[in-house]
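Proteins come first, then strands; the chains are lettered A, B, ... in the order of their sequence lines, and each starts at number 1.
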Amino acid sequence: MSEAPYRYTAAVADEIERRWQQRWDEEGTFFADNPVGSLRATTDSLAQAATASSEPAEKMYIMDMFPYPSGSGLHVGHPLGYIATDVVARHQRMMGKNVLYTMGYDAFGLPAEQYAVQTGTHPRTTTESNVANMRRQLHRLGLSHDSRRSLATTDPEFMKWTQWIFLRIFDSWYDPEATNADGITGRARPIAELRAELRAGTVDPFALADRQSITLPETWVGRSVADVTAASDAEISRLADSFRLTYISETPVNWCPGLGTVLANEEVTTEGRSERGNFPVFTRRLRQWNMRITAYADRLIDDLDRVDWPESIRSMQRNWIGRSDGAQITFPAAGLAGNPEASFDVFTTRADTLFGATFCVLSPEHSLLEDPSALPAQWPEGTKDAWTGGAATPRAAVEAYRVRAASLGEDERTAEDREKTGVFTGLIATNPMDGREVPVFTADYVLTGYGTGAIMAVPAEDERDFAFADRFELPIIRTVKPADDFEGGAWTGDGEKINSANADLDLNGLDKDEAKARATQYAEDRGFGRARTTFRLRDWLFSRQRYWGEPFPIVYDPAHPEVPIPLPESMLPVDLPEVADFSPKTFDPMDADTEPQTPLSRADDWVEVELDLGEGPKTYLRETNTMPQWAGSSWYHLRYIDPTEDDVLVRAENEEYWLGAREDGGVGGVDLYVGGVEHAVLHLLYARFWHKVLFDRGDVSSQEPFHRLFNQGYIQAYAYTDSRGVYVPAEEVVAEADGTYSYQGEPVTQEYGKMGKSLKNAVAPDDMYEEFGADTLRVYEMSMGPLDVSRPWETRAVVGSQRFLQRLWRLAVDEETGDMVVSDAPADLATQQATHRAIDGVSRDMSQMHFNTAIAKLIELVNHLTKVGTAPREAVEPLVLMVAPLAPHLAEELWSRLGHDDSISRAPYPVADPELVKADMVTCVVQVKGKVRHRIEVDPEISEADLEARVMAEERVQEVLEGQTIRKVIVRAPKIVNIVV
RNA sequence: GCCGGGUUGGCGGAAUGGUAGACGCGGCGCACUCAAAAUGCGCUGUCCGUGAGGGCGUGCGGGUUCGAGUCCCGCACCCGGCACCA
């Protein structure tokens with residue numbers, strides 16, 4: 001080490017990196033200018049803009065999925081995506097773009113709250129220290145963030161606008177007939193406009209409610225549009241309230257009295273107990289806030305075709321939304337006490353099979369079964385023993401079945417191999433096609449949350465219905481002719497219609513699609529059905545019984561506790577109260593009938609508040625639920641744009657500049673959004689939904705939040721367990737010659753997967769800085785493979801990236817003296833060509849985010865220059881410029897030592913000279929029957945005729961062709977000649 | 001079951017239908033050194049051959065093509081998502 005005092009070691013790297021990071025901070029090197037407002041051009045960048053041109057720089061908005069500021073430090077897997085976006089941001093700046101690039105923190109959430117419950121430390125304290133720690137760790141990587149735009153979702157000034165958006169959505173209803181400025185049908189409109197339309201009778205609330213599956217207040221059920229126009233203002237107002245995009249409803253949730261909280265499905269085990277604490281969990285209807293995301297289902301699917309996202313993610317979203325086109329058919333049902341006109345609706349995607357419906361099935365939670373005592377008191381004639389479930393009457397059978405169904409967990413109920421169960425309800429429905437009487441069953445294979453919660457069963461063409469019919473000895477009528485080799489069961493394939501005719505309609509002989517259309521039309525003409533689209537997507541359960549989340553900007557008048565009252569913007573933000581206890585009240589774990597008592601509900605001084613909301617000072621009660629963690633992440637991309645504005649969410653000029661619709665036909669949004677695939681559905685769907693509401697309400701000009709999405713892979717790692725299954729430190733595991741592994745002489749088992757502290761295989765970035773420096777870590781992570789593929793971490797391979805940077809350094813700096821050794825003499829032709837070929841290839845790779853191959857080409861150039869001896873400036877300068885996005889500190893240092901005063905951050909990226917990219921000679925491959933037999937060096941411009949002549953004249957070729965007849969010669973100058981014999 | 005993605009040396013990975021294995025790790029050898037480290041240079045898919053060269057090779061089986069890791073058909077395995085969704 002003493003021999004080379006100026007070698008690029010970790011210590012030298014550390015000094016360089018800290019020095020440049022400080023300078024970047026001091027000079028605000030990475031500040032991005034807004035068109036207007038407080039983040040308008042700084043003096044420096046104004047000066048720079050003036051020297052360039054009067055045109056504003058082209059923009060580029062690059063964003064990472066922001067992290068939760070966890071307390072347990074980073075490992076080297078975390079920053080993979082951040083390094084990649086930083087490389088893109090730095091490259092784009094050198095390409096002359098105005099780059100918006102920053103980092104925020106998704107800081108509400110459970111860990112800080114749980115830590116608070118255990119230790120009494122306020123979540124805000126924990127959160128702030130974690131954010132500070134994470135900022136420091138990321139800063140050390142040299143990420144070129146605009147620090148002025150950084151935020152945390154817990155900042156009161158951020159939370160204010162989260163609450164403001166909540167109110168915006170609360171103030172909206174979805175008008176499926178309204179057209180947006182740019183031709184999209186369906187739009188959120190102010191609730192006041194709905195009240196006006198209801199008053200004027202220009203909207204039919206009953207049709208609208210039916211279309212959006214909205215339950216109207218009971219006083220309005222069964223009334224007409226004429227009743228609406230004649231109603232009082234208060235009544236109209238209540239009616240309009242049912243259409244809000246944010247609403248309260250009794251929603252089935254996972255209630256865990258032992259923890260005193262409602263749980264997400266992921267937090268409930270297959271045994272129906274809480275993951276944490278192992279308490280019983282009950283499915284109960286509780287009063288909850290919801291967001292009507294289902295109103296946007298069509299647009300959320302359709303606009304997936306207008307964004308540049310991986311196909312896999314788009315397909316996951318389509319899948320999740322689950323649009324399915326079919327028909328809703330009404331079946332009259334006889335046998336219900338006091339209701340001779342009873343009927344129920346079924347949803348089917350196979351209206352063509354109506355003639356094959358031989359029974360119907362209601363979900364156990366279906367409204368017709370809510371009062372089993374209205375069911376027949378005796379089994380109707382023809383009831384088979386198997387249908388009764390052993391009960392004496394339909395009432396008893398259904399009652400027992402419903403109780404059983406309620407006690408089953410979701411997982412048990414939907415277990416794949418479970419045999420079909422169910423009981424006959426005693427009700428008899430009429431098939432509207434041919435008047436056939438069919439029995440009505442209840443069975444838990446029909447789900448209450450999908451379609452209408454009721455089906456017509458067509459055992460001949462549906463596997464589930466077939467299994468049920470088989471078990472309960474129900475008739476089967478085929479309405480599609482199966483293929484000849486069909487072996488029985490349900491035929492779900494295509495085929496000619498059979499057995500499908502009544503006096504007025506004959507579907508026989510038609511194909512599936514034609515028959516579907518005809519049957520649906522027939523149902524519509526006769527008034528017993530219509531085409532309908534259903535979605536798998538459910539509305540968004542938006543309330544949580546937690547402390548560490550955004551409070552709702554909602555109060556209640558104690559006289560009307562069922563009517564939520566929005567607070568005016570002037571009263572935002574609603575801050576969290578100080579409380580003594582951050583945990584919700586817990587109950588007897590077995591007592592399902594308890595009600596959640598949120599942490600906020602016990603802050604009496606906060607809950608009860610005197611306000612003047614236009615009726616003079618009055619006492620109101622605050623909403624005590626908090627918002628889910630998804631809230632902040634649904635819109636932070638907007639706040640990055642205008643983080644300092646206090647009077648507006650985001651200024652229109654700035655939003656349009658950074659997110660506006662694109663020339664290539666894109667609908668706007670962040671230019672590049674990088675993050676893990678785990679957010680493929682929920683976060684991205686919620687953010688798209690909020691963004692679309694804001695678009696509809698005129699708050700933003702872009703229709704999608706994220707134009708281009710990129711999912712980075714994960715850095716994975718090997719973990720090792722000993723004979724007891726306990727993890728041992730991966731670092732100290734030794735690979736044995738026979739391919740096994742051992743730790744302290746004992747054999748251990750290798751597994752491959754995530755990196756994590758508990759798996760004892762986490763590698764801390766700090767250790768990498770100490771051993772190699774941040775630039776080496778950056779280059780290593782970018783060189784490991786394509787960004788979207790997961791790959792294993794290998795500390796021992798990091799040295800390769802360090803050697804690359806050391807060789808680069810050595811090209812310019814004498815390791816003994818520290819002097820610059822770059823030559824100002826002109827480079828030889830081979831070096832010029834090597835340089836320009838590298839520029840050409842690296843430029844292409846960089847713009848496609850192929851950093852691994854870009855680095856390979858840079859290494860090749862460095863290796864070439866190493867062989868040359870003294871490196872010429874005309875090669876070293878472009879090389880340093882190309883390295884700058886990847887290893888920015890080293891590049892800045894060399895750039896400065898090469899005599900440049902300005903930061904390399906906005907130096908223009910090198911451009912290849914096409915003349916020097918062209919090769920003088922290329923290798924032409926001579927193949928015989930597709931096998932390589934010879935190679936010759938030829939001029940790249942050689943004509944096909946000349947090339948063929950050259951090849952045929954070669955001695956070696958003659959030799960190989962000896963005694964064979966040439967049938968054909970394929971010439972692709974200058975690369976290949978294939979001789980077919 | 002359905003949807004999406006994948007399978008290339010000892011390892012990470014390169015290859016607009018046209019020289020399979022760029023670049024890196026590891027390994028082997030040489031130079032420098034008393035020696036080691038570091039550095040530089042060379043070799044490194046596999047089998048046969050002293051060599052020139054040849055055989056075989058991109059999960060498996062077919063096909064298209066003058067030519068296939070790449071395109072098409074079928075299959076196996078792996079990863080991810082959804083799933084009694086009517």
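Atom P of A15(B) sits at a distance of 14 Å from the matching atom of C71(B), rounded to the whole Å. With both ends at atom C1', the span from U44(B) to C11(B) equals 14 Å, rounded to whole Å. Distance noted for atom C1' between U33(B) and G40(B): 13 Å (whole Å). A gap of 24 Å separates the P atoms of G4(B) and G13(B), to the nearest Å. Only the P atoms considered, G69(B) is 16 Å distant from U64(B), to the nearest whole Å. G6(B) and C75(B) have their C1' atoms separated by 16 Å, with the value rounded to a whole Å. The same atom, P, is picked in G80(B) and in G74(B); the two are 25 Å apart, to the nearest Å.
Remark: the T492(A) side chain and the E463(A) side chain contain no N/O donor-acceptor pair separated by less than 3.5 Å. Of the N and O atoms on the side chains of Q750(A) and Y720(A), at least one donor lies less than 3.5 Å from an acceptor on the other residue. Between the side chains of N761(A) and Y752(A), no donor-acceptor pair of N or O atoms lies under 3.5 Å. For the residue pair S783(A) / N852(A), no side-chain donor-acceptor distance below 3.5 Å is found, with atom types taken as modelled.
Across all strands shown, G45(B) forms a Watson-Crick or G-U wobble pair, both distances under 3.5 Å, with C56(B). When both distances must be under 3.5 Å, the Watson-Crick or G-U wobble mate of A35(B) does not exist. Searching all strands for a Watson-Crick or G-U wobble partner of G18(B) with both distances below 3.5 Å returns C66(B).
Using a 4.0 Å heavy-atom distance criterion, R538(A) is classed as making no nucleic acid contact. In this structure, P310(A) reaches neither bases nor backbone, as no heavy-atom distance under 4.0 Å exists between it and the strands shown. R956(A) comes within contact range of the sugar-phosphate backbone alone, with a heavy-atom separation under 4.0 Å but no base atom that close. Heavy atoms of E860(A) sit under 4.0 angstrom from primed sugar atoms or phosphate atoms, though from no base atom. Residue S324(A) is classed as a sugar-phosphate contact, given heavy-atom separations below 4.0 Å to backbone atoms only. Within the nucleic acid shown, S790(A) comes within 4.0 Å of sugar-phosphate atoms alone, with no base atom in reach, counting heavy atoms only. Base contact: I455(A) has a heavy atom under 4.0 Å from a base atom. Contacts of K857(A) with the nucleic acid, taken as non-hydrogen atoms under 4.0 Å apart, are absent. If you check every strand for non-hydrogen atoms under 4.0 Å, K420(A) touches a base.
Between F359(A) and F468(A), the ring-plane angle classifies as parallel under the 30° and 60° cut-offs.
An OP1 or OP2 oxygen of G40(B) is reached within less than 4.0 angstrom by a side-chain nitrogen or oxygen of R810(A). Of the side-chain N and O atoms in N863(A), none sit less than 4.0 angstrom from OP1 or OP2 of C41(B). Within the 4.0 Å cut-off from OP1 or OP2 of G18(B), not a single side-chain nitrogen or oxygen of K975(A) is found. Of the side-chain N and O atoms in R844(A), none sit less than 4.0 angstrom from OP1 or OP2 of U16(B). For G40(B), the OP1/OP2 oxygens have a side-chain nitrogen or oxygen of R807(A) closer than 4.0 Å. Taking 4.0 angstrom as the limit, R471(A) places none of its side-chain polar atoms (N or O) nearer than this to OP1 or OP2 of C84(B).
In the set C41(B), A83(B), G12(B), the nucleotide with an atom closest to the side chain of R536(A) is A83(B). Residue N319(A) places its side chain closer to G81(B) than to any other of C25(B), A14(B), G81(B).
Syn is the conformation of G9(B), whose glycosidic angle sits no further than 90° from 0.
A cation-pi arrangement is present between R536(A) and W320(A) under the rule of less than 6.0 angstrom and at most 45 degrees off the ring axis.
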